[in-house]
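Single-structure report; data block below.
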Amino acid sequence: MSENSEFGFGAATGVGSMPGGDVRETAKTVTGSFDDFPHLPELPARGPGADMIGRTAGMLVDLYARVEPSGWRIGDRPGRDTRRARSWLGEDLDALEEYTQGYEGPLKVQAVGPWTLAAALELRNGESALSDPGAARDLAGSLAEGLRVHLDEVQRRVPGARVVLQLDEPSLIAVLRGQVKSASGYRTHRAVDRQLVESTLRDVVGVHADGPVVVHSCAPDVPFELLRRAGAAGISFDLTLLTERDDDAIGEAVEGGTRLLAGVVPGTDGPLSDPAGSVMGVRTLWRRLGLHPGLLAQAVTVTPSCGLAGASPEYARRALAHCVRAARSLADNPE
């Protein structure tokens with residue numbers, strides 16, 4: 001374990017998704033790459049139910065979803081798609097358990113957050129659950145119950161782990177701004193009140209009383225302050241999308257003890273810079289904020305900029321190893 005593990009986070013980790021469909025090989029790669037902060041890999045290339053939305057839909061309690069041509073739709077009873085999603089998650093947990101024997105330290109698992117789920121899941125009429133406040137509320141409650149069961153299962157399988165829950169919220173900004181399209185595509189759903197967004201997130205974050213919760217969004221304009229008020233202990237984002245108008249919120253987050261999971265390594269195939277070059281943006285941000293360099297390793301976890309599902313398996317392996325080297329560079333030379 002690294003010096004960071006006492007904070008509940010390691011120096012580097014992945015976002016979640018990985019390419020290909022070989023569960024055991026991927027679990028071996030992830031746990032071998034991140035010896036102090038592995039994560040449960042997601043393999044969406046396997047098909048519906050292994051994708052981000054379907055995987056989380058399979059965790060819901062007393063709500064079920066099936067695949068329609070337009071996407072995932074809430075139904076009355078568990079069908080083939082629900083069973084497949086649960087089966088794949090079980091296989092993923094089997095592989096993780098195999099490769100984390102005796103592991104002690106932080107371990108990250110991912111699920112879609114309540115607002116991205118509400119934006120993506122359709123009701124029987126084809127509109128997203130976001131269009132119906134009661135449906136969105138029921139969905140968040142079902143998700144909270146399902147996450148509780150899932151987190152208990154992960155803890156049972158990896159008893160030495162300090163489980164970190166990551167809620168993926170790529171649609172959060174669109175929900176706040178009223179930019180989620182209706183089924184027809186000709187209009188958008190109304191913006192959801194910020195206080196409702198915050199309180200719903202707080203309720204879901206609150207299910208994980210035994211460990212930290214990270215909220216991940218690789219969209220621009222991450223609402224750092226809202227997420228902190230909702231109880232997020234860490235915020236995961238694409239560093240390249242930050243602008244100077246985010247500075248104050250990030251400075252307050254760091255000073256308030258929020259962990260930054262900074263996405264600095266490209267998520268798709270391409271040349272990788274040297275490790276020090278990859279974290280140059282983090283150092284620049286630190287100088288701009290006037291923060292103490294010694295805080296860097298305590299406050300930042302290095303990650304890819306987003307999931308690696310669109311990368312080649314060979315590049316994904318190199319990207320994970322590069323995150324570890326970049327984090328070491330940050331710790332060794334914070335200036």
Side-chain angles (χ1 to χ4, degrees), residues 12-34 37-60 65 67 71-72 81-100 106-114 116-117 120-121 143 146-147 149-151 153-154 157-158 161 163-171 208 213-219 234 236-238 261 263 265-268 301 303-313 315-317 319-320 323:
T13 192
V15 170
S17 66
M18 293 284 288
D22 188 328
V23 178
R24 291 182 72 253
E25 186 60 36
T26 307
K28 183 180 177 183
T29 296
V30 168
T31 54
S33 300
F34 302 120
F37 197 8
H39 66 90
L40 177 65
E42 302 163 2
L43 298 174
R46 291 177 294 186
D51 61 298
M52 188 170 79
I53 299 299
R55 184 181 182 87
T56 301
M59 296 180 192
L60 298 174
V67 179
W72 285 89
D81 298 323
T82 298
R83 287 192 294 272
R84 187 167 50 203
R86 291 177 176 174
S87 172
W88 272 329
L89 180 58
E91 287 178 27
D92 295 347
L93 289 169
D94 288 344
L96 182 75
E97 184 178 0
E98 179 182 348
Y99 287 105
T100 51
L107 167 68
K108 185 164 69 68
V109 298
Q110 304 81 219
V112 176
T116 295
L117 200 61
L121 280 184
L143 173 64
L147 287 174
V149 173
H150 178 54
L151 291 165
E153 172 74 359
V154 174
R157 287 171 176 263
V158 194
V163 182
V164 177
L165 171 62
Q166 175 180 303
L167 295 174
D168 291 318
E169 283 283 15
S171 301
H208 192 31
V213 177
V214 170
V215 178
H216 166 71
S217 176
C218 44
S236 171
F237 56 93
D238 179 345
L261 286 82
V265 177
T268 50
T301 294
T303 74
S305 59
C306 217
L308 293 167
S312 66
Y315 174 81
R317 281 191 295 273
L320 299 189
C323 286

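These numbers come from a predicted model, not from an experiment.
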Nearest 0.5 Å please: distance from the [atom1] atom of [X] over to the [atom2] atom of [Y].
X: His216; Y: Gln166; atom1: NE2; atom2: CD; value: 6.0 Å
X: Leu320; Y: Tyr315; atom1: CG; atom2: OH; value: 9.5 Å
X: Ser17; Y: Leu308; atom1: OG; atom2: CG; value: 6.0 Å
X: Thr56; Y: Gln110; atom1: OG1; atom2: CD; value: 9.5 Å
X: Leu40; Y: Met18; atom1: CG; atom2: CE; value: 12.0 Å
X: Asp94; Y: Glu97; atom1: CG; atom2: CD; value: 6.5 Å

Provide the closest heavy-atom pair for [X] versus [Y] in the form atom of the first, atom of the second, distance.
X: Pro38; Y: Pro106; result: CD-O, 3.5 Å
X: Pro41; Y: Thr26; result: CB-CG2, 3.7 Å
X: Ser305; Y: Gly267; result: OG-N, 3.3 Å
X: Val112; Y: Leu143; result: O-CD2, 3.5 Å
X: Pro170; Y: Ala219; result: O-CB, 4.0 Å

For residues [X] and [Y], determine if any side-chain heavy atom of one lies less than 4.5 Å from a side-chain heavy atom of the other.
X: Phe34; Y: Cys323; answer: yes
X: Asp81; Y: Trp72; answer: yes
X: Val149; Y: Met59; answer: no
X: Pro313; Y: Glu25; answer: no

Please check: side-chain N/O of [X] versus main-chain N/O of [Y], any donor-acceptor pairing under 3.5 Å?
X: Arg317; Y: Thr29; answer: no
X: Thr13; Y: Phe37; answer: yes
X: Thr303; Y: Gly14; answer: no
X: Thr82; Y: Ala65; answer: yes
X: Ser87; Y: Arg83; answer: no

Fill in the blank from the handout: The salt bridge (charged side-chain N to carboxylate O under 4.0 Å, His left out) partner of Asp92 among Arg86, Arg46, Arg24, Arg157 is Arg46
Exercise for the section: Identify the residue among Ser217, Cys306, Cys218 that makes a side-chain contact (heavy atoms from CB on, under 4.5 Å) with Asp238. Expected result: Cys218
Fill in the blank from the handout: Which of Val163, Leu89, Leu165 passes side-chain contact (heavy atoms from CB on, under 4.5 Å) with His150? It is Leu89
Handout entry: Check against side-chain contact (heavy atoms from CB on, under 4.5 Å), Leu107 and Val164
Key = CA-CA 6 Å; Leu107 167 68; Val164 177; over 6 Å; no
Problem - Step-by-step side-chain contact (heavy atoms from CB on, under 4.5 Å) determination, Thr301 to Val214 - result: CA-CA 11 Å; Thr301 294; Val214 170; over 6 Å; no
Handout entry: Full working for side-chain hydrogen bond (donor to acceptor under 3.5 Å, both in side chains) between Glu169 and Thr116
Key = CA-CA 5 Å; Glu169 283 283 15; Thr116 295; 2.6 Å; yes
